[in-house]
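Below you'll find the structure, written out as structure tokens, and then a few comments.
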Amino acid sequence: MSNRMWGGRFAEGPDAIMEEINASIDYDRKLYKQDIDGSKAHVRMLAEKEIVTRDDAEKIVGGLDTILSEIENGEFKFSRALEDIHMNVEARLAELIGPAAGRLHTARSRNDQVATDFRLWVRDTLDTLDEQLSDLMLALAEKAETHAADVMPGFTHLQSAQPVTFGHHLLAYVEMFARDRGRVRDARRRMNECPLGSAALAGTSFPIDRKLTAEALGFDRPTANSLDAVSDRDFVIEALSASAMTAMHLSRLAEEIVIWCSAQFGFVKLSDKFSTGSSIMPQKKNPDAAELVRAKSGRIYGSLQALLVMMKGLPLAYSKDMQEDKEQAFDGLASVSLALAAMTGMVKDLEPVTKAMKKAAGSGYSTATDLADWLVRVLGMPFRDAHHVTGRIVGLAVVKGVELHKVPLDEMQKVDPKITGEVFSVLSVDKSVRSRTSFGGTSPVNVRKQARRWLKELSRG
Ligand code: ARG
């Protein structure tokens, strides 16, 4: 049997393999709500413009509401022979209300329909990501305020570099996620135009009012070019691209958590809620949630890459290739959402082991720069000379196997006789972080101020 929605010119139905490659209903059923909302807005506009009668429009809206509840109650029978969500809904509408159903598709095509449905879905998803990013930033900023003065080693090349505070480290991620949030909001603003009424590719000869449908669906305006409107998937690619950046940031933080909770570092304790045990090694507590967040980035980048390649080289306007956007987008965007939720949970429960962090902060000659700065400030040495003198003192400490503040004064004076006992005042990690008061620096005063700024900004929404 040929397809009852478009089979007029076909003598035979599709091959089983054709049905399998062509049908999208197994995944695009996710768009049922958006599809029904779009159809309701469309038919109400058709009635307003007297393209269909009020009576038919009411029947159609009533039927669509019935379908919505059938789907939500799990009573709806999805059919692969009907290909996609659009034709599944329309075919059921015909069963429910009879011939009036056939008027719904006036001045519309599945091409503008799917573009509208998918935009609505991506828009909701962007709003969810926006909120989730805000939740994560809040969890980080709250922890940062509490630990504004707790010292930890700061690293470059993953080698101890200079002491920083744990709060400062967490706020670095708040900055990253704030930029991500900006990208999500920017993408939403740009994508909020309505393709409905672009029809197959060229627009329609019916006197439709595209502003009306755009407004009814919460769009800022109708899209201005029908060819672009039906063949554009920038909105989902932008959503995935913003998500890829978020995934990269999440993965970096996840990696740090994995490192921090190792026995060798012991900087943080993960809660039982976000870790797992080993089936053979009873002592183990593994940071599985962090590892999975780290790994999800691969899927998210993959989705972005798949869509970029899929769109590349497609001539205007719609091609069926574009049906392949959905599974990738659903998977990529669900993955970033889940990773954000898991990270927020982990951060909330994360307990820093401040003693261990402080001890580590003082090792590895991490206050060498403070010593060099002291030589510049107090003895008036040029920085390059101070760097050299400090290097020689670090060399002494290495030979003696002691930390910098344990090198005796007379030994230091052998390197430079002008050094006085006052130098020891800058060699502690607390003094070191407290002295970093330059804007954006790690001093607890700065960190507290920045944490409060974020908390205030986030409470404003
Ligand atoms: N299921 C299709 C998709 O997702 C809907 C649009 C089909 N349009 C067409 N001309 N065959 O892209």
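Counting starts at 1 for both ligands and their atoms, following the listed order.
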Starting from atom 5 (C) of ligand 1, locate the nearest protein heavy atom and write down its residue, its atom name and how far away it is, to 0.1 Å. D84 OD2, 3.5 Å
Residue pairs passing the side chain to side chain donor-acceptor pair (under 3.5 Å) test where at least one lies in residues 233-242, sequence neighbours excluded: R190-E238, R233-D325
Can you report which non-hydrogen protein atom sits closest to atom 11 (N) of ligand 1, along with the distance? R110 NH2, 3.6 Å
Nearest neighbour in protein (non-hydrogen) for atom 1 (N) of ligand 1: Q323 OE1, 2.7 Å
With a 3.5 Å cut-off and no angle check, do the side chains of H105 and R108 form a donor-acceptor pair? yes
I want to check a possible cation-pi pair here: K143 against F166, using under 6.0 Å from ring centre and within 45° of the ring axis as the test. no
Could you tell me if T213 and R44 have a donor-acceptor pair between their side chains, going purely by distance under 3.5 Å? no
Which residue holds the protein heavy atom closest to atom 10 (N) of ligand 1, what is that atom called, and what is the gap in Å? N111 OD1, 3.1 Å
Heavy atom of the protein closest to atom 6 (C) of ligand 1 (residue, atom name, distance): Y318 OH, 3.4 Å
Go through the side-chain N and O atoms of S271 and D349 and say whether any donor and acceptor fall under 3.5 Å apart. yes
Which of the atoms of ligand 1 are close to S24, meaning less than 4.0 Å from one of its heavy atoms? 1 (N)
Using the test ring-ring contact (aromatic ring centres under 6.0 Å, His included), find all partners of F76 that sit at least two apart in sequence or belong to another chain. F78
Would you call K326 a ligand 1 contact, heavy-atom distance under 4.0 Å? yes
